[in-house]
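Some notes on the structure that comes next.
Computed from a prediction, not measured in an experiment: that's the story for all the values here.
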Amino acid sequence: MRAIQVYEVGGPEVLQEAEVDQPRPGPGEAVVEVAASGVNFLDVYHREGRYSLPLPFTPGAEGAGTVVEVGPGVADVAVGDRVGWVEIPGTYAERAVVDSSRLVPLPDDIGFETAAAVLLQGMTAHYLVKDAYPVQGGDTVLVHAAAGGMGLLLTQLITHLGGRVIGTTSTAAKAELAKRAGAAEVILSSAVDDLAAEVRRLNGGQGLPVVFDGVGAHTFDASLASLRTRGHLVLFGAASGAVPPFDPMRLAHGGSLTLIRPSLGDFIADRSELLRRAADVFEWVRSKALEVAVTGRYALSEAAQAHSDLEARRTTGKLLVVPDAAAVGRREETQS
């Protein structure tokens, strides 16, 4: 079968399409024919070696498709089931082997592309606003990269929960997307000299209770400076690079601030929690509290381009790798 392989870590060019052996399920595992795979910064971190995986590996940690084979002892799913999954590398391929206990059955009204577009980021947004910092009605919240796939979901959910979003974006066009998702105010990060001062100005001169920061190195200082006394910085990503080591006394000097660096895996650690969060996300999609925008579809051979586009911030919304290249072409013709 065809799959993307990473033989050495590095830039997008290390994503190589290759012919590999068909996967076979072991005990407790299922083989899934991949219909669509989400493209996430987690994939970039794996490709760069920031989060290391044994070489060679197939990237992609969010997928949806149909179970085609199960191994001994599998009770959670059966052949023919429509499923999705996250946090298990190997989705940039025609087929993938997945621990059956980590598969999420898809409701009839949730399509493969929707599942592949929303599960990882949707469940991340879920734990961010429900657990990392429980957003309350009336909270004013700063969301960095508010027009990105993650930022759009967070903006919608915070607004749904009664919060007020101040977003940051890099362009005016992206600012309009963030506003359509519910952001009350949007700051063009390239147009201000002091981002934290602008945040405080938009909040009546006051700091904020929480900042959701998936950008990392480029925004970390401004995020801390935007918080009120006893405010919370939720640092959930590092799209611009890892935050350098810093003196924890900065948190004390900033007003007894707290910093959390959470990871989705710790919030879906058991199957019941995984299914509960996924069910909530699917219900949000159903009720239109979350609207998923798939803005780019790439064939397997175009995976490097997908990473380049994501890292260069040439995109908004969600990107997918679709193993069926013909399907990509058909959908692009329909959209044009």
Side-chain angles (χ1 to χ4, degrees), residues 1-23 32-51 53 55-66 84-98 111-121 145 147-150 152 170-171 173-174 177 237 239 292-336:
M1 70 168 190
R2 293 179 305 128
I4 297 299
Q5 293 279 276
V6 174
Y7 299 100
E8 59 180 348
V9 297
E13 70 281 355
V14 304
L15 300 176
Q16 301 292 320
E17 186 178 10
E19 291 286 335
V20 300
D21 292 338
Q22 289 278 353
V32 183
E33 185 172 291
V34 180
S37 173
V39 179
N40 299 286
F41 270 101
L42 176 62
D43 309 340
V44 174
Y45 304 157
H46 286 152
R47 188 205 76 216
E48 293 176 335
R50 197 181 311 180
Y51 297 170
L53 292 174
L55 295 170
F57 66 87
T58 297
E62 176 183 37
T66 303
W85 68 99
V86 300
E87 295 264 301
I88 299 173
T91 59
Y92 290 10
E94 292 180 314
R95 292 188 173 190
V97 174
V98 187
F112 289 132
E113 289 199 357
T114 298
V118 79
L119 267 176
L120 191 147
Q121 291 181 333
M150 192 67 226
L152 289 172
S170 58
T171 69
K174 290 184 177 183
L177 287 175
V292 184
V294 176
T295 56
R297 296 173 177 85
Y298 301 78
L300 278 176
S301 60
E302 299 169 323
Q305 186 62 53
H307 277 220
S308 294
D309 290 345
L310 181 67
E311 292 179 87
R313 304 198 178 278
R314 290 190 286 265
T315 65
T316 58
K318 185 72 177 188
L319 308 183
L320 298 178
V321 168
V322 181
D324 183 354
V328 174
R330 287 195 297 272
R331 278 186 287 272
E332 289 176 345
E333 289 173 8
T334 302
Q335 293 167 348
S336 60

> Taking atom CG of Leu15 and atom OG of Ser301, what is their separation to the nearest 0.5 Å?
Replying inline: 11.5 Å

>> Under the rule for side-chain hydrogen bond (donor to acceptor under 3.5 Å, both in side chains), what residues qualify as partners of Thr114, not counting sequence neighbours?
In response: none

> Quick one: CD on Glu302 to CG on Leu319, what's the gap to the nearest 0.5 Å?
Replying inline: 11.5 Å

>> Under the rule for side chain to side chain contact (heavy atoms under 4.5 Å, CB included), what residues qualify as partners of Ala3, not counting sequence neighbours?
In response: Met1, Val20, Thr58, Ala93

> For Trp85 and Leu119, which heavy atoms make the closest approach, and how far apart are they?
Replying inline: N-CD1, 3.8 Å

>> Restricting to side chain to side chain contact (heavy atoms under 4.5 Å, CB included), what partner residues turn up for Pro89, sequence neighbours left out?
In response: His46, Leu53

> What residues form a side-chain hydrogen bond (donor to acceptor under 3.5 Å, both in side chains) with Tyr51, not counting sequence neighbours?
Replying inline: Arg261

> Taking only residues two or more places apart in sequence or in another chain, which ones pass side chain to side chain contact (heavy atoms under 4.5 Å, CB included) with Ala117?
Replying inline: Val292, Val294, Lys318, Leu320

> Is there a donor-acceptor contact under 3.5 Å from the side chain of Thr91 to the main chain of Gly60?
Replying inline: yes

>> With heavy-atom distances below 4.5 Å as the criterion, would you say the side chains of Tyr45 and Asn40 are in contact?
In response: no

> When rounded to the nearest 0.5 angstrom, what distance separates CZ in Arg95 from CG in Asp21?
Replying inline: 13.0 Å

> If we only count heavy atoms from C-beta on, is the Phe112 to Val34 side-chain gap below 4.5 Å?
Replying inline: no

>> Run the side chain to side chain contact (heavy atoms under 4.5 Å, CB included) test against Val44 and tell me which residues pass, sequence neighbours left out.
In response: Phe41, Arg47, Glu48, His307, Leu310, Glu311

> Under a 4.5 Å cut-off applied to non-hydrogen side-chain atoms, are Tyr298 and Gln305 in contact?
Replying inline: yes

>> Please give me the minimum heavy-atom distance between Ala96 and Pro23, naming the atom from each residue.
In response: N-CG, 4.5 Å

>> Assess the residue pair Val9 and Val14 against the criterion (side chain to side chain contact (heavy atoms under 4.5 Å, CB included)); give the C-alpha distance rounded to whole Å, side-chain angles, the decisive distance to 0.1 Å, and a yes or no.
In response: CA-CA 7 Å; Val9 297; Val14 304; over 6 Å; no

> Which heavy atom in Ala64 sits nearest to a heavy atom in Ala116, and how many Å separate them?
Replying inline: CB-N, 4.1 Å

> Does the salt bridge (Lys or Arg N to Asp or Glu O under 4.0 Å) test come out yes or no for Arg297 and Glu113, once each step is laid out?
Replying inline: CA-CA 10 Å; Arg297 296 173 177 85; Glu113 289 199 357; 2.9 Å; yes

>> If I compare all heavy atoms of Gly38 with all of Tyr92, which pair ends up nearest, and what's the gap?
In response: O-CE1, 3.9 Å

>> Please give me the minimum heavy-atom distance between Ile88 and Val98, naming the atom from each residue.
In response: CD1-CG1, 3.4 Å

> Under the side-chain hydrogen bond (donor to acceptor under 3.5 Å, both in side chains) test, which residues partner Lys174, sequence neighbours left out?
Replying inline: none

>> Any non-hydrogen side-chain atom of Leu42 less than 4.5 Å from a side-chain atom of Leu120?
In response: yes

> If you look only at pairs with a residue in residues 9-19, which of them pass as a side-chain hydrogen bond (donor to acceptor under 3.5 Å, both in side chains), with sequence neighbours excluded?
Replying inline: Arg2-Glu17

